[in-house]
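Notes follow once the structure below has been shown.
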Protein chains: 2
Amino acid sequence: MTISEIAKLAEVSIGTVDRVLHNRGRVAPETIKKVMAIVDDYGYQPNTYARNLKLSKQYTIGVLLPQLHSEFGYWNLIYEGILKAAKELYPLAVRIDLAQFDRSQQGSLLKEGEALLKRKVDALLLAPVVPDDARLLVGKKHCVDYVFIDSPLPQTNPVSTVVQNPFRGGYLAGRMMHLLNPKGGALLTIQTYRSAYNSKERARGFSQYFADKGQYRSYELEIQANADIGQSLDAFYRVHQDMSGIFVVNDAIHRIADRVLLLGRKSQTTMIGYDLVEPNRKAMLAGSVDCLISQRPEYQGYTAVYQLYRKGLLSQEAEPTICVPIDVILPENLVDEQDWCPKS
Amino acid sequence: MTISEIAKLAEVSIGTVDRVLHNRGRVAPETIKKVMAIVDDYGYQPNTYARNLKLSKQYTIGVLLPQLHSEFGYWNLIYEGILKAAKELYPLAVRIDLAQFDRSQQGSLLKEGEALLKRKVDALLLAPVVPDDARLLVGKKHCVDYVFIDSPLPQTNPVSTVVQNPFRGGYLAGRMMHLLNPKGGALLTIQTYRSAYNSKERARGFSQYFADKGQYRSYELEIQANADIGQSLDAFYRVHQDMSGIFVVNDAIHRIADRVLLLGRKSQTTMIGYDLVEPNRKAMLAGSVDCLISQRPEYQGYTAVYQLYRKGLLSQEAEPTICVPIDVILPENLVDEQDWCPKS
DNA sequence: TATCTATGCGTTTACGTTAACGCACTCTTC
DNA sequence: GAAGAGTGCGTTAACGTAAACGCATAGATA
């Protein structure tokens with residue numbers, strides 16, 4: 001079913017059909033009815049190729065993330081997924097425009113986001129890790145379609161939100177801690193200074209697991225940006241001689257693991273953390289980290305780009321929420337570069 | 001860079017450029033050189049939208065899978081992923097043509113595959129679970145582009161192969177068995193009658209894990225199609241009073257789990273199996289299955305379709321092998337329909 | 001010499017959609 | 001009652017690619 005076929009059936013010109021389809025006015029109500037009846041009956045779907053050929057527009061997605069090389073590369077993994085999608089979608093006229101902000105600095109997200117909008121992006125892909133800033137940004141009148149990644153932002157209206165359930169992630173971490181470390185003893189949950197939504201929920205899920213099991217003593221520690229981790233840890237080990245496990249709610253696990261090694265405490269401590277950034281991969285291969293929970297950052301970035309593309313260029317409905325599965329990574333399913341691949 | 005721009009630069013007509021680009025002959029060697037120089041210099045990429053509009057072809061992918069409702073729905077999960085991709089790619093003129101074969105019947109794959117080729121498909125997506133048949137099919141002269149899914153097929157030339165490493169999957173299953181069941185005791189690996197590549201490798205990986213650990217006694221059992229599972233199991237339990245775990249190399253785990261329950265042996269037996277088909281999900285929720293390894297069947301199907309689409313319609317290079325990560329599923333990360341989703 | 005074939009190249013049409021343009025007509029308004 | 005604004009609609013020109021068609025010219029065959 002093409003526009004000209006509709007035109008023939010309705011006994012009008014294709015221009016008229018086009019005006020009806022795009023509500024461009026200047027059509028008699030009678031005619032509108034006649035055309036719409038046919039459109040509904042036969043189920044007209046515009047031809048994507050013809051449409052985009054004619055529009056011949058670049059679809060630019062503004063990407064707004066924290067500094068890619070902050071936090072040991074987590075955001076960079078997300079960006080890798082974004083780039084992969086962008087590469088695939090290059091022939092379909094999708095482009096990426098990246099802006100990075102400093103998440104520790106109030107106002108930075110908003111400033112960079114506004115700059116991005118001024119550069120005429122067609123859509124926005126952002127991590128709303130500074131909620132107030134993000135809310136102001138997407139609340140702006142001239143704001144384009146947007147998707148959230150990494151964390152949700154209530155009371156907004158995104159095309160889609162790509163996240164993982166942090167509570168369940170923490171809960172699963174609890175289960176893995178229990179499995180890897182059945183002897184019991186004191187446990188420590190470490191958060192870094194930022195009081196991020198995901199971090200809090202993960203810590204909550206972890207302690208909920210042990211609350212459900214009625215076992216173990218669980219403690220929490222909040223480490224400041226430039227604190228001496230080794231000293232805090234050492235103090236903790238001295239007070240709690242039966243320390244048996246540490247859960248770090250983010251990708252900083254390898255740093256804690258290094259300290260634990262230096263303190264000679266690895267053998268008594270099960271280490272669980274988040275995300276397969278490069279230093280964590282190395283730490284796991286070296287045996288200083290026992291288990292990682294992954295939120296599939298590459299997948300999140302990749303998927304988010306595709307959601308926008310489908311909405312913007314294919315006019316498809318996006319899924320309002322995409323909940324990323326929670327992956328458990330043990331040394332046994334750690335994929336390394338030289339991983340097995342079947343020869344064909 | 002468009003064809004007409006090239007034509008202008010080379011001072012020839014667009015027809016000539018077109019003939020050069022498509023090696024359609026009837027162009028002077030001199031002219032070919034001149035045009036190609038410009039093409040290489042400026043890096044011409046055909047406009048996908050214009051190209052596909054002009055060709056206005058439906059790209060039909062023939063899908064050749066075992067009966068979708070055999071094996072408790074594993075193949076149906078794959079097909080769901082395929083359908084999801086097809087739905088997304090509908091506006092890009094991608095279509096699916098499904099054929100099912102009986103994997104227990106030699107020649108069925110080949111017969112259905114040939115029928116599919118006769119129906120003029122542009123590409124083939126198949127599970128080469130009957131290797132001899134599959135080899136004959138893709139070896140045919142008029143065979144189109146194809147991708148393999150679920151298992152590889154050596155000595156063929158697919159566009160892509162989407163698989164998981166079955167040995168590592170089994171190895172990981174071993175690790176999970178060890179974690180979930182630290183007491184030790186006799187272990188049983190169950191394969192069903194078909195001597196499939198994946199099944200064998202998984203069993204091998206599982207026993208390798210325990211060989212590496214130098215612990216446990218591990219047995220293997222092969223269950224015939226219509227054998228009395230209960231009786232075989234009962235016999236086994238009687239002989240091995242310290243039975244502590246069962247690993248089923250495929251999605252039939254829930255059936256074994258049912259028998260174990262009936263025999264009153266669940267409390268002494270850790271159950272690990274494969275794939276999140278519906279009966280397995282229920283069994284896990286009910287507590288009769290402790291751990292599942294997933295090979296992400298939906299993802300496999302979804303990805304395979306996209307590989308063909310990118311090759312066929314976008315002329316992009318496909319990845320020769322896509323190795324699907326090995327997922328561990330415990331009750332704690334089992335996602336159910338009413339799973340948490342952030343409100344936006 | 002007339003006819004045929006091969007070669008090199010330009011021209012043209014079509015794919016389906018979008019949107020600018022223009023024509024004919026009907027109301028207003030001074 | 002003439003100029004201006006508004007309405008309904010058809011026509012047409014792109015967008016970039018693919019491929020059929022046609023037109024010269026040159027050499028080969030009858």
Side-chain angles (χ1 to χ4, degrees), chain A residues 1-39 42-59 89-95 122 312-316, chain B residues 1-39 42-59 89-95 122 312-316:
Chain A
M1 179 98 296
T2 72
I3 281 200
S4 68
E5 286 176 297
I6 295 174
K8 228 170 273 169
L9 284 172
E11 298 173 302
V12 294
S13 74
I14 61 165
T16 304
V17 176
D18 183 62
R19 276 186 294 268
V20 172
L21 289 175
H22 296 86
N23 308 305
R24 235 166 334 101
R26 298 181 59 137
V27 186
E30 278 297 289
T31 316
I32 294 185
K33 244 186 234 163
K34 194 162 53 169
V35 171
M36 285 313 288
I38 292 170
V39 166
Y42 292 75
Y44 168 75
Q45 291 283 98
N47 180 310
T48 304
Y49 293 122
R51 176 164 220 276
N52 288 288
L53 170 61
K54 171 61 194 167
L55 296 176
S56 71
K57 75 168 163 211
Q58 301 276 67
Y59 188 75
L89 293 174
Y90 185 86
L92 299 172
V94 174
R95 300 292 177 270
D122 300 292
L313 284 183
L314 304 185
S315 316
Q316 291 181 350
Chain B
M1 179 96 298
T2 72
I3 282 200
S4 68
E5 285 177 295
I6 296 175
K8 229 170 271 170
L9 285 171
E11 298 172 303
V12 294
S13 74
I14 60 165
T16 305
V17 176
D18 181 64
R19 277 185 294 267
V20 172
L21 289 174
H22 295 86
N23 308 305
R24 227 153 350 91
R26 292 173 144 252
V27 186
E30 279 297 290
T31 317
I32 294 185
K33 244 186 236 166
K34 194 161 56 169
V35 171
M36 285 312 287
I38 293 169
V39 166
Y42 292 74
Y44 168 74
Q45 290 282 96
N47 180 310
T48 304
Y49 292 122
R51 174 162 219 278
N52 287 288
L53 170 62
K54 171 60 195 170
L55 295 176
S56 70
K57 75 168 162 212
Q58 301 277 69
Y59 188 74
L89 293 173
Y90 185 86
L92 299 172
V94 174
R95 301 291 178 270
D122 300 290
L313 285 184
L314 303 186
S315 317
Q316 291 182 349

Query raised in the report: Is B/R95 close enough and on-axis enough to B/Y59, meaning under 6.0 Å and within 45°, for cation-pi?
Result: no
Query raised in the report: Quick one: A/L21 CG to C/dG16 C1', roughly how many Å, whole number?
Result: 12 Å
Query raised in the report: Looking at B/S13 and B/A7, what are the two nearest heavy atoms and their distance?
Result: C-CB, 3.8 Å
Report task. Specify the separation, in whole Å, of atom CZ of A/R26 and atom C1' of C/dT26. Result -> 13 Å
Report summary line: Sorted by chain and residue number, the side-chain hydrogen bond (donor to acceptor under 3.5 Å, both in side chains) partners of A/R51 (sequence neighbours excluded) come out as none
Query - A/L21 side chain near A/I3 side chain, heavy-atom distance below 4.5 Å - result: yes
Requested in this report: Mind checking the OG1-CD spacing from B/T31 to B/E11? Nearest 0.5 Å is all I need.
Outcome: 11.5 Å
Requested in this report: Find which nucleotide of DNA chain C each of A/S4 and A/R19 is nearest to by heavy atoms, and output the residue with the more 5' nucleotide.
Outcome: A/S4
Query - Atom pair CG (B/N52) and CG (B/L313), whose distance is rounded to the nearest 0.5 Å - result: 5.0 Å
Query raised in the report: Which parts of residues 8-17 of chain B get close to DNA chain C, meaning a heavy atom less than 4.0 angstrom away?
Result: B/V12, B/S13, B/I14, B/G15, B/T16
Query raised in the report: What distance do A/T2 atom OG1 and A/N47 atom CG have between them, rounded to the nearest 0.5 Å?
Result: 9.0 Å
Query raised in the report: Tell me, which of residues 46-54 of chain A have any heavy atom that sits under 4.0 Å from an atom in DNA chain C?
Result: A/P46, A/N47, A/A50, A/R51, A/K54
Report task. Would you classify A/S56 as touching base, sugar-phosphate or nothing, given that sugar-phosphate means primed atoms plus P, OP1 and OP2, and contacts are heavy atoms under 4.0 Å? Result -> nothing
Query raised in the report: Which distance, rounded to the nearest 0.5 Å, do you find between the OH of B/Y90 and the OG1 of A/T48?
Result: 10.5 Å
Query raised in the report: What does the inter-axis angle of the helix from C/dT1-D/dA30 to C/dC30-D/dG1 come out as, five pairs per end, nearest 10 degrees?
Result: 60°
Query - Donor-acceptor contact below 3.5 Å, side chain A/Y49 vs main chain B/L92 - result: yes
**Report entry** Boundaries of the chain B footprint along DNA chain D (any atom under 4.0 Å from a heavy atom)
**Finding:** D/dG16 to D/dA19
Report task. List the atom of A/I14, the atom of A/S4, and the distance in Å for their closest heavy-atom pair. Result -> CG2-CA, 3.6 Å
Report summary line: Sorted by chain and residue number, the side-chain contact (heavy atoms from CB on, under 4.5 Å) partners of A/I38 (sequence neighbours excluded) come out as A/I6, A/L9, A/A10, A/Y42
Query raised in the report: Quick one: A/H22 NE2 to C/dG16 C1', roughly how many Å, whole number?
Result: 12 Å
Query raised in the report: To the nearest angstrom, how far is A/Q45 atom CD from C/dG16 atom P?
Result: 15 Å
Requested in this report: Work out which heavy atom in B/D122 is nearest to a heavy atom in B/Q58; give both atom names and the distance.
Outcome: OD2-O, 3.1 Å
